[in-house]
Q: 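Sharing a structure with you now.
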Amino acid sequence: MKELITSLISDAVARARLSGDLASDQAPFTVERPGDSSHGDMATNAALVMAKAERKAPRAVAEIIARYIEPRADVEEVKVAGPGFINFRMAASYWHSEIRRALAAGPSFWCSDLGRGRRVQVEFLSANPTGPLTVGHGRNAVLGDTLARLYEATGHQVTREYYFNNGGRQMRLLGESVRARYLEELGRAVAFPEEGYQGEYIREIALGLVQRHEAALAEEPSLEPFRAAAEERIFGEIRATCEHLRVGFDVYTNELDLIRAGKVDKVLAALEGRGLVARYDGATWLRGEPLGLPKDLVLLRSGPDREPTYRTTDIAYYIDKLSRGFDLVVGVFGADHIAEHQGVVAALRALGHDTACLRTVIYQFVTLMRGGEKVKMSTRKATYVTLEELLDEVGPDVARFFFLFRKSDTHLDFDLDLAKTQAPENPVFYVQYAHARLESVLREAAKAGLAVPADLAAVDLALLSAEELAIARRVLGFPEVVGEALDALEPHRIPFALLELAGEFHRYYNKPANRIIGSDRELSRVRLVWARLVKGCIARGLELIGVNAPERM
RNA sequence: GCGCCGGUAGCUCAGCGGAAAGAGCGCAAGCCUGCGGAGCUUGAGGUCGCGGGUUCGAGUCCCGCCCGGCGCACCA
């Protein structure tokens, strides 16, 4: 439709110029779906952008262009409006053929081949296995997984990847914490490591080691058994929580493997070779100045172990990613990681890597609200809420919807009271209810011996009302919403679009005149076809964000 | 101090440079012989943080300022 209108306008402008009614060159104009549907199906600003060069009032230019637009059967109305927009209204017959096309295509109508098989990697969550997932991780996981779903639905080949640090200081501290608890359980007095992990889960891991090995590890010189036990146990819990949230990964990459494969050493050598490394204060530094960074950044810590910082392995990880031939590499990060990521990208550029394929989605923090008050999140206090606890409380449908129901770069207040409400003010139930209602209607129809006609040629779509057509237009535009959400990397547009569609449907459904199953069988059959179309769109939309579309509630 | 992100109705938030600024909640007043009322209708409620600029046109883009969040670790 957009292409059609664009060419109609271009042709009209060209012909107006030929006959001398317009003097200036064609300026770049836009063709858009107006926000207000009473303005028609498509609108262009062509006259507005040309007005100055034409030295005429925008409306006058619009009138000229409109006069030259070739009449067509599927364009019902061309109208100049407002400050000089040209509005187009498509004929009902156009929408009828679109509805037929959508129904004939079935579920594939909601997908597209926009991606043409391009390979996309989405790296997300990437929480280190030092403790249970938090509510903030939930936002990350749902954003990343939903982006992946959107890419899949638009013909991309997607790899979901989870990267984690298991070789650094934090994991060492974790291992030391486990060892300390282990020795405590054996009745030995030990000093708990400074900055160690206090959580109760550490003691559980230690207890597991006591059960398995009894006192055999008491004199163990290496930290490795403790560290590995902690990683294994915590990672198992992370995976379980992800499953609960309907999030999965294709590839797990970790820091230790990169180090063992020598990839971190290679990065250091490459940086050294380009004169980007400095040594002072006992540490090895990445020079900030040549990279346009405000200061130097540590690559290797001082001290006997010369441990690489997370930053150094991050650079190695990104080089590894870039070498794998993805067309697009998307990362999902919390706001607190922005500066760090910029440092990594700067280093990649300095090493001569092409970073044009990198995209980032940054999200702000999540606050849980209960009873109108912020739930204080503190590791020390008992008020800490894990993602698993949140999921137990509200379930994956609500959690996913709520995490997506904000633009990612705004702060998210997660209202637990609203989340648990099974009433229309809860947007998740509002949308799911629209689906369940449609499902119920189709069930009722089947009971009444009214099948949805398989042969679309057998129904007369002209029987659809203006209200039904309006809803159908919104539904038919859904693939565009998906495309736009992906272009902007803004998955929140999907739940918002679903909420609007559900609202329009509920309003329609509530009017007695709109009974889908009625005494007029011909009319009922058309409405059933329409109902199936609307239901299909809601179901698909929910699937895209990983929320169930229930048949009954 | 520097960087990133926010500031839109009482609250929580949508809003691709376009037409008279939207939704939900809350508030006020209504609608149940009905394919699911887990729903719907109507109303009140706004200096789009402030001040400049760009533009035919700015909530949207640019600059400055104010307020809030986050970062500016040899933590990730």
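Chain letters run A, B, ... following the sequence lines, proteins first, then strands; residues in each count from 1.
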Q: What is the nucleic acid contact for A:N514, judged by heavy atoms within less than 4.0 Å: base, sugar-phosphate only, or nothing?
A: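 Base contact.
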Q: For a quick check under 3.5 Å, do A:H492 and A:S408 share a side-chain donor-acceptor pair by atom type?
A: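 No, no side-chain donor-acceptor contact under 3.5 Å.
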Q: Would you indicate what A:H337 reaches in the nucleic acid, counting non-hydrogen atoms under 4.0 angstrom: base, sugar-phosphate, or nothing?
A: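 Touches a base.
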Q: One thing to verify: whether A:R552 and A:E439 come together as a salt bridge, which I'm taking to mean a side-chain N less than 4.0 angstrom from a carboxylate O.
A: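 Not counted as a salt bridge, because no side-chain N and carboxylate O are separated by less than 4.0 Å.
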Q: Please report, rounded to the nearest Å, how far the C1' atom of B:rU12 is from the CZ atom of A:F403.
A: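 Rounded to whole Å, this separation is 16 Å.
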Q: Give a yes/no answer on whether the side chain of A:Y508 brings an N or O atom under 4.0 Å of OP1 or OP2 in B:rU41.
A: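 No, no such contact exists.
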Q: Using a cut-off of 4.0 Å on non-hydrogen atoms, how would the nucleic acid contact of A:P58 be classed: base, sugar-phosphate, or nothing?
A: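 The answer is nothing, as A:P58 stays clear of every strand by at least 4.0 Å.
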Q: Does B:rU41 have OP1 or OP2 sitting under 4.0 Å from an N or O in the side chain of A:K511?
A: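 Answer no for this pair, as no side-chain N or O of A:K511 is under 4.0 Å from OP1 or OP2.
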Q: Write down the atom of A:R521, the atom of A:G449, and the distance for their closest heavy-atom approach.
A: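 A:R521 and A:G449 have their closest heavy atoms at NH2-O, 3.5 Å.
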Q: State, yes or no, whether a side-chain contact exists between A:N254 and A:Y162 at a heavy-atom distance under 4.5 Å.
A: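 A:N254 does not reach A:Y162 side chain to side chain.
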Q: So if I take every side-chain heavy atom of A:A283 and compare against B:rC72, B:rC74, B:rG71, which nucleotide ends up nearest?
A: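 Taking heavy atoms from C-beta onward, the closest nucleotide is B:rC74.
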Q: Between B:rG7 and B:rC48, how far is it from one C1' atom to the other, in whole Å?
A: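 After rounding to an integer number of Å, I get 10 Å for this pair.
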Q: When you match A:Y509 and A:G282 each to their closest nucleotide on RNA chain B, which lands nearer the 5' end?
A: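 With A:Y509 and A:G282 compared, the 5'-side residue is A:Y509.
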Q: Applying a 4.0 Å non-hydrogen cut-off, can you work out what A:I516 is touching in the nucleic acid: base, sugar-phosphate, or nothing?
A: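 Contact class for A:I516: base.
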Q: Rounded to the nearest Å, what distance is computed from the NZ atom of residue A:K2 to the P atom of nucleotide B:rC16?
A: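 In whole Å, B:rC16 P and A:K2 NZ are 14 Å from each other.
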Q: Heavy atoms only, 4.0 Å cut-off, all strands: where does A:F164 land among base, sugar-phosphate and nothing?
A: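 Nothing: the residue A:F164, judged by heavy atoms under 4.0 Å, touches no strand.
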Q: Could you say whether the aromatic ring of A:F365 and the base of B:rC70 stack, counting only centre distances under 5.5 Å and plane angles under 30°?
A: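 A stacking contact does not exist, since A:F365 is not both close and nearly parallel to the base ring of B:rC70.
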Q: Take the protein atom CG of A:D336 and the nucleotide atom C1' of B:rC5, then report the distance between them rounded to whole Å.
A: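 Whole-Å distance recorded here is 12 Å.
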Q: Distance check, P atoms only: B:rG52 and B:rA14, in whole angstrom units.
A: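 It works out to 28 Å between them.
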Q: Determine the interatomic distance between P on B:rC61 and the same-named atom on B:rA19; round to the nearest Å.
A: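 Comparing P positions in B:rC61 and B:rA19 gives a spacing of 15 Å.
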Q: Base contacts versus sugar-phosphate-only contacts with protein, heavy atoms under 4.0 Å: please encode nucleotides 18-28 of chain B as B, S and - from 5' to 3'.
A: BB----SS---
Q: Do you know which of A:F235, A:Y252, A:Y317 makes ring-ring contact (aromatic ring centres under 6.0 Å, His included) with A:F164?
A: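 For A:F164, the ring-ring contact (aromatic ring centres under 6.0 Å, His included) check succeeds only for A:F235.
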Q: Looking only at atom P, what distance separates B:rC65 and B:rG3, rounded to whole Å?
A: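 Going atom to atom, P in each nucleotide, I get 10 Å.
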Q: Does A:E232 CD have over 12 foreign heavy atoms under 6.0 Å away?
A: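 Open: at most 12 neighbouring heavy atoms sit under 6.0 Å from CD of A:E232.
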Q: Taking for each residue the nucleotide of RNA chain B bearing the nearest heavy atom, is the 5' side occupied by A:R169 or by A:I517?
A: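 Residue closer to the 5' terminus by nearest nucleotide: A:I517.
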Q: Say you pick atom C1' in B:rC32 and the same atom in B:rC40; how far apart are they, in whole Å?
A: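 Nearest-Å result for B:rC32 against B:rC40 at atom C1': 11 Å.
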Q: Output the rounded distance in Å from CG (A:D409) to C1' (B:rG15).
A: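 So the CG-C1' distance, A:D409 to B:rG15, works out to 14 Å.
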Q: Taking OH from A:Y363 and C1' from B:rG69, how many angstroms apart are they, rounded to a whole number?
A: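 Roughly 15 Å, once rounded to whole Å.
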Q: Name the nucleic acid region contacted by A:S302, choosing base, sugar-phosphate or nothing; use a 4.0 angstrom heavy-atom cut-off, strictly under.
A: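 It contacts base atoms.
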Q: Is the shortest distance from a Lys or Arg side-chain nitrogen in A:R370 or A:D417 to a carboxylate oxygen in the other one below 4.0 Å?
A: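 A:D417 and A:R370: not salt-bridged.
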Q: Considering every strand and a 4.0 Å limit on heavy-atom distances, what is the contact class for A:R552: base, sugar-phosphate, or nothing?
A: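 Base contact.
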Q: In whole angstrom, give the distance that lies between atom CD of A:E490 and atom C1' of B:rC13.
A: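 That distance rounds to 14 Å.
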Q: Rounded to whole angstrom units, what separation is found between the CD atom of A:Q342 and the C1' atom of B:rC2?
A: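 To the nearest whole Å, that distance equals 13 Å.
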Q: Would you please say whether a donor-acceptor pair under 3.5 Å links the side chains of A:Q170 and A:N128?
A: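 No donor-acceptor contact under 3.5 Å links the two side chains.
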Q: If I pick the C1' atom on B:rC25 and the same atom on B:rC66, what distance separates them, to the nearest angstrom?
A: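 Per the computed distance, 30 Å lies between those C1' atoms.
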Q: For B:rG15 versus B:rU60, give the span between their P atoms, rounded off to a whole number of Å.
A: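 These two P atoms come out 14 Å apart once rounded.
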Q: Does B:rA14 have its OP1 or OP2 closer than 4.0 Å to a side-chain nitrogen or oxygen of A:T410?
A: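 Yes, within the criterion.
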Q: Indicate, with a heavy-atom threshold strictly under 4.0 Å, whether A:K407 touches base, sugar-phosphate, or nothing.
A: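 Touches sugar-phosphate only.
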Q: Does a donor on one side chain sit under 3.5 Å from an acceptor on the other, for A:D296 and A:Y280?
A: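 A:Y280 and A:D296 do have a side-chain donor-acceptor pair below 3.5 Å.
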